Each structure stands twice: as structure tokens, then as C-alpha cells.
Colleague: 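Here's a structure for you.
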Amino acid sequence: AQTVTQSQPEMSVQEAETVTLSCTYDTSESDYYLFWYKQPPSRQMILVIRQEAYKQQNATENRFSVNFQKAAKSFSLKISDSQLGDAAMYFCAYRHSNSGYALNFGKGTSLLVTP
Amino acid sequence: GAVVSQHPSWVICKSGTSVKIECRSLDFQATTMFWYRQFPKQSLMLMATSNEGSKATYEQGVEKDKFLINHASLTLSTLTVTSAHPEDSSFYICSASRTGRNTEAFFGQGTRLTVV
């Protein structure tokens with residue numbers, strides 16, 4: 001079974017600064033996907049960024065980027081130029097390469113953004 | 001992007017009654033849908049995998065007779081909480097993906113169930 005670990009229950013960042021959220025995972029598979037989801041107070045799950053395990057290049061989406069270290073099974077999320085609207089719960093998730101498999105979520109990191 | 005609609009957004013019911021939650025993929029066909037449960041300040045826990053035209057696959061510890069899942073079409077899955085009790089109060093979320101490899105999961109808005 002795959003496990004996803006987020007070791008930071010809460011993080012705080014000042015507006016316009018950069019913050020990194022940590023995620024490690026355990027799997028015996030070589031082909032899989034990793035995701036970061038954002039859950040604001042509305043509780044709607046929003047996909048932030050996705051990484052395919054067979055791609056060495058780190059994924060980037062505007063102010064969001066990941067540091068994917070496959071050998072270390074690490075998948076951290078970097079948020080640059082933090083904005084007040086970034087405040088939310090962030091979940092790291094693992095999924096088999098086939099979309100017929102469910103997402104396996106970490107426990108989440110609550111991100112607070114201060115003015 | 002694809003849309004998954006979940007209804008109702010919130011529901012209050014009395015102990016002992018049943019509640020049905022619908023999950024619809026609005027612009028794509030979903031062979032597989034997933035039902036998650038989320039307690040306050042906790043992560044999403046997979047309850048079951050719903051497969052169109054066949055029985056759902058339940059995770060260990062989830063009572064299949066209490067949480068009835070029906071996936072009658074490629075665009076609709078329903079979760080019925082039968083004989084609800086206060087401990088069933090929670091946030092329930094569904095998700096669906098297009099079939100294939102490089103596809104993301106789309107989530108419904110979630111349903112907040114309160115059993116009184």
C-alpha cells in the first residue's frame with residue numbers, strides 16, 4: 001500500500017514571501033502520479049499542480065512549483081509571492097498511473113498567509 | 001475543465017432515516033467514481049470505488065450495508081446513508097476521472113451531512 005506523509009500540520013508565510021510544503025511518499029511502483037490539492041474554507045478541492053513520475057522535469061504552474069526527488073520519494077510544493085488567497089489546507093496525493101485508481105492523500109498542511 | 005456536480009451541498013436528517021447523495025459528471029463519462037469522507041480538520045479518506053454497472057468496492061472498515069453505492073450510468077453515482085446516526089455526520093466528497101492514463105480527478109462540491 002502507498003502512504004503519503006505531510007509532516008507539517010501548519011505553516012505560516014508572509015504575503016509576497018515564499019513557502020515550501022513538504023511531502024514524502026512510499027511506493028513500490030515506478031509509474032505513478034503525484035498531486036497537490038488546495039482546499040479553501042469552501043472545501044472544494046482544487047488541483048494546484050501535478051507531476052508524472054516518469055518525467056524528470058519538475059512541474060510548474062505560475063507561482064507554484066514542485067521539487068520532485070523520485071529516488072528520495074519526496075515531492076515538495078513551493079509557493080512563490082504568496083497571496084492572501086493562498087491560505088488553505090494543502091493536500092499531497094499519490095495515484096497509480098491508471099485513473100481507475102483512487103487518490104491517496106496525506107494528512108494535509110494548513111497554510112496561513114499573513115499581511 | 002470537466003465538472004462534477006454533487007447534490008445536495010448540505011443536508012440535515014433525523015436519526016434512523018436515510019439520505020441519498022448524488023454525484024454527476026456533467027460533461028464526460030466516468031466509468032469509475034470515488035466516494036471520500038472527511039472529518040473536520042482531517043484528510044480525505046476513501047470509502048469506496050464506484051464502478052458503472054457493477055458492485056462498488058468498499059475500503060476496509062466501511063459498512064457496505066450502511067453506505068449503499070449505486071453507479072447506474074456513466075454520469076451518475078449515488079451514495080445512500082441508511083439508518084443514519086449522529087456519528088455518520090461528516091463531509092462526503094465524490095470524485096470522477098475520465099478513463100485513461102493522463103487524467104486528473106475532478107471533485108464535487110461535497111455534501112455536509114448532519115444527523116440529529
Side-chain angles (χ1 to χ4, degrees), chain A residues 1-11 21 23 25 29-55 59 61 64 87-112, chain B residues 1-6 9-10 23 25 28-52 54 56-60 62 69 71 74 77 90-113:
Chain A
Q2 296 80 25
T3 57
V4 179
T5 303
Q6 293 179 252
S7 59
Q8 306 155 316
E10 294 182 352
M11 289 286 284
L21 307 185
C23 174
Y25 59 96
E29 299 173 344
S30 59
D31 194 11
Y32 50 87
Y33 286 84
L34 295 165
F35 305 84
W36 278 97
Y37 279 89
K38 170 184 178 180
Q39 188 180 44
S42 69
R43 304 189 80 170
Q44 174 71 55
M45 297 292 285
I46 301 167
L47 177 64
V48 174
I49 200 164
R50 166 175 61 186
Q51 176 78 42
E52 299 166 65
Y54 67 89
K55 289 189 176 180
E61 288 287 344
F64 300 88
M89 281 292 291
Y90 285 81
F91 292 100
C92 178
Y94 170 104
R95 199 202 74 194
H96 188 278
S97 58
N98 187 314
S99 64
Y101 288 78
L103 289 161
N104 190 356
F105 290 92
K107 290 187 175 182
T109 297
S110 178
L111 179 65
L112 175 66
Chain B
V3 177
V4 173
S5 177
Q6 190 173 337
S9 299
W10 59 271
C23 180
S25 56
F28 68 99
Q29 295 183 329
T31 307
T32 305
M33 292 184 176
F34 305 97
W35 288 95
Y36 297 86
R37 184 174 182 175
Q38 186 180 31
F39 289 106
K41 300 189 183 300
Q42 294 190 23
S43 187
L44 282 73
M45 298 301 297
L46 179 67
M47 298 176 65
T49 300
S50 171
N51 299 296
E52 187 269 336
S54 64
T57 302
Y58 290 82
E59 294 300 298
Q60 192 172 12
V62 177
I69 291 173
H71 195 151
L74 287 171
S77 176
S90 190
F91 191 69
Y92 294 88
I93 310 176
C94 71
S95 77
S97 304
R98 288 188 176 91
T99 303
R101 176 185 168 84
N102 189 17
T103 58
E104 67 176 275
F106 298 97
F107 287 83
Q109 307 94 314
T111 298
R112 181 181 301 279
L113 170 64

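A quick note: this is a predicted structure, and the numbers were derived from the prediction, not measured. Numbered from 1 within each chain, the chains take letters A, B, ... in sequence-line order.
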Colleague: Atom CZ of A:Arg43 and atom OG1 of B:Thr111: how far apart are they, to the nearest 0.5 Å?
Modeller: 11.0 Å
Colleague: Distance from B:Phe91 atom CZ to A:Gln39 atom CD, nearest 0.5 Å?
Modeller: 6.5 Å
Colleague: Can you tell which part of B:Gln6 gets under 4.5 Å to a heavy atom of chain A, answering side chain, backbone, both or neither?
Modeller: neither
Colleague: I need the A:Arg95 CZ to B:Phe34 CZ distance, nearest 0.5 Å.
Modeller: 8.0 Å
Colleague: Surrounding CD of A:Glu29 (heavy atoms of other residues, nucleotides or ligands, distance under 6.0 Å), is the total greater than 12?
Modeller: yes
Colleague: Out of B:Gly110, B:Gly108, B:Ala30, return the one with the most heavy atom pairs under 4.5 angstrom to chain A.
Modeller: B:Gly108
Colleague: To the closest 0.5 Å, what do you measure between NZ (A:Lys107) and CE (B:Met45)?
Modeller: 9.0 Å
Colleague: Examine whether an atom of B:Gln42 lies under 4.5 Å from a heavy atom of chain A, and if so say whether it belongs to the side chain, the backbone or both; otherwise answer neither.
Modeller: backbone
Colleague: Quick one: pull up OG in B:Ser43 and CG in A:Leu103 and give me the separation to the nearest 0.5 Å.
Modeller: 10.5 Å
Colleague: How about B:Leu44 and A:Tyr37: do any of their side-chain heavy atoms sit closer than 4.5 Å?
Modeller: no
Colleague: Please determine whether the number of non-hydrogen atoms from other residues, nucleotides or ligands lying under 6.0 Å from atom OH of B:Tyr58 exceeds 12.
Modeller: yes
Colleague: Does any backbone or side-chain atom of A:Phe105 lie under 4.5 Å from a heavy atom of chain B? Answer side chain, backbone, both or neither.
Modeller: both
